[in-house]
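First comes the structure, then the notes that go with it.
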Amino acid sequence: MATPRASRQRFSIGYHLNSWDLTGQPLRPALEFLTGQGFGWFEILAFTSLSDQFARKYMQLGHQGPMGVTTDTDILRRYAILSEAQSELGIRLSSLYVNATFTNPVLWPVERDVLVSLARLLKGFGSPVLVLGGGPSEASGNKHDAQDYKDFCRALEDIGRRTNDLGIATVYHPHLDTFIERRDQLDRMMDELDTAHAGLCIDPAHLAQTNSDPVDAVRTYISAVRYMHFKDTHVDPALQGYDRYAAFCELGAGVVDLPALVDVLLDAAYDGLAIVELDASKKTAEQSAIESIAYLRGTLGLELTPGKH
């Protein structure tokens with residue numbers, strides 16, 4: 001008889017605020033909802049202007065309105081909501097996700113300063129991870145030669161050294177429309193990257209969208225995996241641009257082999273965090289979360305917090 005997964009589980013599961021945040025819904029009710037469902041961790045986008053500029057320049061996100069103006073007061077009040085939720089509800093910020101270009105030598109010193117500041121902010125929250133995304137994709141006209149990979153990896157390692165000093169792990173998230181989208185690109189990066197300084201956040205849905213096997217990617221690079229996203233997707237070769245993002249779905253509703261993925265994590269005694277993510281629900285954010293929670297507990301046999309029933 002197979003050992004129940006929950007009895008082997010060493011990782012806690014959190015939830016990403018994207019489903020509310022990207023559609024302009026208030027954050028405090030979302031955090032109260034997630035706390036009520038039993039989550040102890042959440043992730044959120046950093047929403048820096050540099051990250052927004054990267055997304056607008058390089059990512060195929062459909063028609064965009066004019067870039068808004070976000071003041072320092074807006075940013076600080078956003079973080080105050082997260083701080084109050086941590087103090088009053090007990091739900092903790094696991095990470096901030098932020099895009100950067102990394103390979104532009106003129107822009108990099110500015111990006112580095114922003115990332116170092118965000119790491120100090122995470123330290124104040126007691127967050128364990130900084131999630132980096134971005135880097136210009138091949139599709140955006142960037143050649144991705146050997147020097148590009150060296151520059152890209154040196155930038156990740158630079159941030160990783162700085163965050164390691166704060167007790168925070170830096171991880172890179174392969175993602176559609178970024179420097180690392182496909183498995184062959186991931187392999188090239190891992191041949192170059194010093195994982196003593198920077199590791200991986202694997203999001204299986206993004207890899208699946210490029211016909212890459214996320215289970216095998218996790219199995220191959222498990223020693224460098226320090227953070228996970230749990231995400232599912234439909235895959236259709238006809239999907240282009242933003243429609244690929246619209247194909248993301250609740251856990252168990254798509255093509256990702258989540259049971260096999262979880263078994264790789266359990267076999268490796270993975271003890272980091274796994275964050276459930278859905279960019280935008282076609283139902284309500286709450287209903288999508290409830291369906292994913294049911295799949296986690298019912299089909300996968302996991303707990304949101306190991307040892308807590």
Side-chain angles (χ1 to χ4, degrees), residues 11-19 21-22 41-46 51 54-55 58-61 94-100 128-135 137 156 169-187 189-190 193 198-222 224-235 239 242 244-262 264-265 270 272-281 288-289 292 295-296 300:
F11 58 89
S12 293
I13 300 173
Y15 206 91
H16 207 298
L17 285 174
N18 267 357
S19 298
D21 202 19
L22 293 179
W41 296 92
F42 69 93
E43 183 183 336
I44 193 169
L45 301 178
S51 188
F54 172 88
Y58 293 109
M59 300 178 74
Q60 301 176 55
L61 299 177
S94 63
S95 179
L96 294 169
Y97 177 98
V98 59
N99 289 310
V129 179
L130 171 64
V131 181
L132 303 181
S137 68
L156 296 181
T170 288
V171 296
Y172 179 77
H173 179 324
H175 192 292
L176 293 172
D177 298 324
T178 67
F179 198 89
I180 307 297
E181 299 181 84
R182 307 184 308 268
R183 175 60 187 270
D184 64 298
Q185 296 171 324
L186 176 61
D187 291 341
M189 182 187 85
M190 295 306 288
L193 185 69
L200 287 173
C201 167
I202 295 294
D203 182 317
H206 281 270
L207 286 173
Q209 278 285 350
T210 65
N211 297 310
S212 302
D213 182 350
V215 177
D216 187 65
V218 173
R219 183 183 295 113
T220 301
Y221 296 117
I222 187 62
V225 174
R226 289 157 200 163
Y227 195 72
M228 283 291 303
H229 280 176
F230 280 177
K231 193 170 187 175
D232 210 345
T233 187
H234 303 293
V235 174
L239 296 178
Y242 176 75
R244 299 167 302 160
Y245 294 90
F248 295 141
C249 58
E250 295 79 13
L251 298 185
V255 302
V256 174
D257 190 349
L258 289 162
L261 184 77
V262 166
V264 172
L265 297 176
Y270 172 75
L273 292 170
I275 305 297
V276 181
E277 183 184 17
L278 180 60
D279 292 1
S281 173
S288 289
S292 288
Y295 181 82
L296 286 167
L300 296 182

Show the nearest heavy-atom pair for residues [X] and [Y], with the distance to one decimal.
| X | Y | result |
| --- | --- | --- |
| D177 | S137 | C-CB, 3.7 Å |
| T178 | Y172 | OG1-OH, 3.3 Å |
| L156 | T170 | O-CG2, 4.2 Å |

- Do D187 and Y221 pass the side-chain contact (heavy atoms from CB on, under 4.5 Å) test, and can you show the C-alpha distance, the side-chain angles, and the key distance before you say yes or no? CA-CA 9 Å; D187 291 341; Y221 296 117; 2.6 Å; yes

Contacts under 3.5 angstrom, residues 251-259 side chains, donor-acceptor by atom type, not counting sequence neighbours:
residue: D257; atom: OD1; partner: A260; partner atom: N; Å: 3.2

Any side-chain heavy-atom pair of [X] and [Y] under 4.5 Å:
| X | Y | value |
| --- | --- | --- |
| L96 | I44 | yes |
| M189 | F179 | no |
| L22 | Y245 | no |
| E43 | V129 | no |
| L132 | V98 | yes |
| I222 | L265 | yes |
| V218 | L200 | no |

Nearest 0.5 angstrom please: [X] [atom1] to [Y] [atom2], how far?
| X | Y | atom1 | atom2 | result |
| --- | --- | --- | --- | --- |
| C201 | M228 | SG | CE | 7.0 Å |
| I180 | Q185 | CD1 | CD | 5.5 Å |
| D203 | I275 | CG | CD1 | 11.5 Å |
| K231 | L261 | NZ | CG | 14.0 Å |
| L186 | T220 | CG | OG1 | 8.5 Å |
| F248 | N18 | CZ | CG | 10.5 Å |

- Task: Mind telling me whether Y270 and F11 have parallel, tilted or perpendicular rings, with 30° and 60° as the class edges?
- Result: tilted

- Query: side chain to side chain contact (heavy atoms under 4.5 Å, CB included) with D213: which residues, sequence neighbours excluded?
  - Reply: V215, D216

Would the distance check show the side chain of [X] and the main-chain N or O of [Y] forming a donor-acceptor pair, the cut-off being under 3.5 Å?
| X | Y | value |
| --- | --- | --- |
| S281 | S288 | no |
| Q209 | H234 | yes |
| S212 | R182 | no |
| T210 | E181 | yes |

- Any residue meeting ring-ring contact (aromatic ring centres under 6.0 Å, His included) with Y295, in chain and number order, not counting sequence neighbours: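 With sequence neighbours excluded, Y295 shows a ring-ring contact (aromatic ring centres under 6.0 Å, His included) to no residue whatsoever.
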
- Item | Test ring-ring contact (aromatic ring centres under 6.0 Å, His included) applied to H173 - qualifying residues, sequence neighbours left out |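 H173: ring-ring contact (aromatic ring centres under 6.0 Å, His included) contacts with Y97, H175, H206, H229.
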
- Residues in side-chain hydrogen bond (donor to acceptor under 3.5 Å, both in side chains) contact with S94, at least two apart in sequence or another chain: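 Only Y227 meet the side-chain hydrogen bond (donor to acceptor under 3.5 Å, both in side chains) criterion with S94.
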
- Message: Restricting to side-chain hydrogen bond (donor to acceptor under 3.5 Å, both in side chains), what partner residues turn up for S12, sequence neighbours left out?
- Response: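 Residues passing side-chain hydrogen bond (donor to acceptor under 3.5 Å, both in side chains) with S12: none at all.
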
